[in-house]
Trainee: 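I'd like to ask some things about the structure below.
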Amino acid sequence: MTLDATLSRIDADMPAALDRLMALLRIPSISTDPAYKAECDRAADWLVADLASFGIAAEKRPTPGHPMVVGHVPGDGPHVLFYGHYDVQPVDPLTLWDRDPFDPAIEETPRGRVIRGRGASDDKGQLMTFVEACRAWKEVNGTLPCRITFFFEGEEESGSPSLIPFLKENADELKADLALICDTGLFESRVPAIMTQLRGLLGEEITLTGPDKDLHSGMYGGAAINPIRVLAKILGNLHDVAGRIQVPGFYDGVPDLPEDIAQQWQALNFDHGTFLGGVGLSQPAGETDKTPLEMIWSRPTAEVNGIIGGYTGDGFKTVLPSKASAKVSFRLVGQQDPHAIRESFRAWVQAQLPEDVTAEFHGHGASPAGQMSTEHPAFEQARAVLGAEWGHDAAFTGCGGSIPVAGYFKTILNMDTMLVGWAKDDDQIHSPNEKYDVESFQKGIRSWARVLDAIT
Ligand code: BES
Ligand code: ZN
């Protein structure tokens, strides 16, 4: 009865809930760019005020970087902590957006209504599904169903530099029976998924220097070493013909896929043709002896995310550059040790440098993979009720992305995490024209009401 009333309330309040999300989306809280520091602060203030609007006491908590937002609701039963992030990715290239990324709108598309704007899916829209479920619950019932801690971060998209010290300093306050995170998606954009493993992430930036200044490529070309050529060769050596990564020791700690998990994944009947077709591709490009699902969920990767060097402006310039650099990231699985891989990668690069070329390295975050325990009863309880909302039984799945906080909840707070979210594969997170389906938002809010009802 309580649940039905709450679900009806959610449906009736949709226009207002969408307006609130739009207000949050209008704040350009790009965490990685110092120019937007005040905007990150404003997003944190907005969340504090929004929680206060339905009677939840929360506060903005300073860190050396962007603030955290922490709010508490006392109550009986299990104590859950909900985590989401209010920061967003940069918007560039701006020219590829069909509208101002921070002037969000609801658009009618052939596939239904979507909320368009930076952060609509990752993670403001997702975060607000939980907040709206709590608002509706409280308005219908006067209280929330259990003790809840709200915990919002503003640095997730820039490697969470303040997170570990903050968790350590506030461990007693933040430790709950279970953490809930809404920052993941549906399986194949329709099946509710509880993600039980996340890949880790290691970022490395390499800068190679050859000549001590840029040179005329006619005057010196042939005699002088070109650092772009050296860099390209090294990057080209990252993978062998079978798609395996060549850095020594890279596969230490990569487990074989357990038979029971392999069977579960087999049963999901993943349609990789549709998955790749959605982005204009047809062929899986990973290790030749692995299935596409294994490639994205249970195998490590090495990817070049950016290359900088030489003349990249309009027209042409016959330059032989002094420097070349690349940003390389590794997705990690199992027990792979990010620090050991960083050392091995640097040594492997060094060993390939010809005379006269030097390398400098800059690290960008290093988080191990995370394996979620599903023993807490909430996992089964949530799985059992999500099917009613989405018309498909929920599945335990893997996840190709990285959400380092889930690992820290375990290692620092000894708390398990349930990862569940409503994003779709075509949400274009981190890309131009990011969107979140109105369906994801509405069913997401309703799903949280069902989950809260089931686990309390
Ligand atoms: N929401 C994503 C994580 C994600 C991506 C989950 C794809 C499911 C599918 C999150 O905000 C994110 O982008 N994380 C970063 C890691 C961070 C350390 C920069 C990532 O995975 O690249
Ligand atoms: Zn995210």
Side-chain angles (χ1 to χ4, degrees), residues 24-25 29-33 40 43 65-66 82-91 117-130 151-164 180-189 191-205 270 275 278-279 293 295-298 300-306 327-333 338 363-370 372 395 397-408 417-431 434-436 440 444:
L24 179 57
L25 292 176
S29 47
I30 303 171
S31 60
T32 197
D33 185 342
C40 291
H66 304 305
F82 177 82
Y83 166 96
H85 62 93
Y86 67 76
D87 63 321
V88 299
Q89 285 276 329
V91 296
R118 173 56 92 226
S121 176
D122 187 9
D123 180 43
K124 289 172 174 174
Q126 301 244 70
L127 175 163
M128 288 303 289
T129 60
F130 187 83
F151 178 39
F152 303 136
E153 186 193 2
E155 299 185 323
E156 196 271 352
E157 299 290 10
S158 49
S160 301
S162 309
L163 184 63
I164 293 178
L180 306 173
I181 297 184
C182 192
D183 196 19
T184 53
L186 302 163
F187 176 70
E188 293 193 322
S189 302
V191 178
I194 299 176
M195 299 195 166
T196 62
Q197 48 190 52
L198 288 166
R199 291 197 285 192
L201 189 62
L202 170 68
E204 277 286 276
E205 192 162 341
F270 178 57
F275 179 69
V279 293
L293 258 199
M295 290 175 193
I296 52 176
W297 287 353
S298 70
T301 66
E303 293 295 351
V304 182
N305 302 119
K327 295 175 195 282
V328 179
S329 66
F330 299 90
R331 297 275 169 185
L332 308 178
V333 304
H364 285 276
S367 60
M372 310 300 130
T397 71
C399 176
S402 306
I403 306 177
V405 67
Y408 304 141
T417 297
M418 184 160 76
L419 293 147
V420 51
W422 332 110
K424 298 190 180 181
D425 290 339
D426 65 355
D427 279 357
Q428 294 174 222
I429 63 171
H430 296 202
S431 292
E434 179 176 348
K435 62 90 174 160
Y436 197 46
S440 291

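Whatever order the structure lists ligands and atoms in, that order sets their numbers, starting from 1.
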Trainee: Name the closest protein heavy atom to atom 14 (N) of ligand 1, giving the residue it belongs to and the distance to 0.1 Å.
Mentor: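 Here the nearest protein heavy atom works out to S402 O, 3.0 Å.
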
Trainee: Taking 2.8 Å as the upper limit, name the protein N, O or S atoms near the Zn ion (ligand 2).
Mentor: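 Checking every protein N, O and S atom gives H85 NE2, D122 OD1, D183 OD1, D183 OD2.
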
Trainee: Restricting to ring pair (Phe, Tyr, Trp, His ring centres under 6.0 Å), what partner residues turn up for Y408, sequence neighbours left out?
Mentor: none

Trainee: Less than 4.0 Å is my threshold; does some heavy atom of C399 fall inside it relative to ligand 1?
Mentor: yes

Trainee: Please work out whether any backbone atom (N, CA, C, O) or any side-chain heavy atom from C-beta onward of H430 is under 4.0 Å from ligand 1, and answer side chain, backbone, both or neither.
Mentor: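 Side chain only.
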
Trainee: Please state whether R199 comes within less than 4.0 angstrom of ligand 1, counting heavy atoms only.
Mentor: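 It does not; every heavy atom stays at 4.0 Å or beyond.
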
Trainee: What heavy-atom pair brings N305 and V328 nearest, and what distance separates the two atoms?
Mentor: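 Heavy-atom minimum between the residues: OD1-C, 4.0 Å.
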
Trainee: Please say whether H85 places an N or O atom under 3.5 Å from an N or O atom belonging to ligand 1.
Mentor: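 So ligand 1 has an N or O lying under 3.5 Å from an N or O of H85.
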
Trainee: Applying a strict 4.0 Å limit to heavy atoms, is D123 in contact with ligand 1?
Mentor: no

Trainee: Within this structure, what is the NE2-CG distance for the pair H85 and L127, rounded to the nearest 0.5 Å?
Mentor: 8.5 Å

Trainee: Please identify each residue that fulfils ring pair (Phe, Tyr, Trp, His ring centres under 6.0 Å) with Y86, with sequence neighbours left out.
Mentor: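 Expected list: none.
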
Trainee: Using modelled atom types only, decide if a donor and an acceptor are shared between the side chain of R331 and the backbone of G401 within a distance under 3.5 Å.
Mentor: no

Trainee: Heavy-atom contact under 4.0 Å between R331 and ligand 1?
Mentor: yes

Trainee: Can you see which heavy atom on D87 is nearest to which on E156, and at what distance?
Mentor: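 Smallest heavy-atom distance, with atoms named: OD2-N, 3.0 Å.
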
Trainee: Please name the pair of heavy atoms, one in Q89 and one in R118, separated by the smallest distance, quoted to 0.1 Å.
Mentor: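 Scanning both residues, the minimum pair turns out to be O-NE, 3.0 Å.
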
Trainee: Mind checking ring pair (Phe, Tyr, Trp, His ring centres under 6.0 Å) for F152 and listing every partner two or more places apart, or none if nothing turns up?
Mentor: none

Trainee: Within the structure provided, determine whether S329 and L201 are in side-chain contact (heavy-atom separation under 4.5 Å).
Mentor: yes

Trainee: Counting heavy atoms only, which part of D122 comes closer than 4.0 Å to ligand 1: side chain, backbone, both or neither?
Mentor: side chain

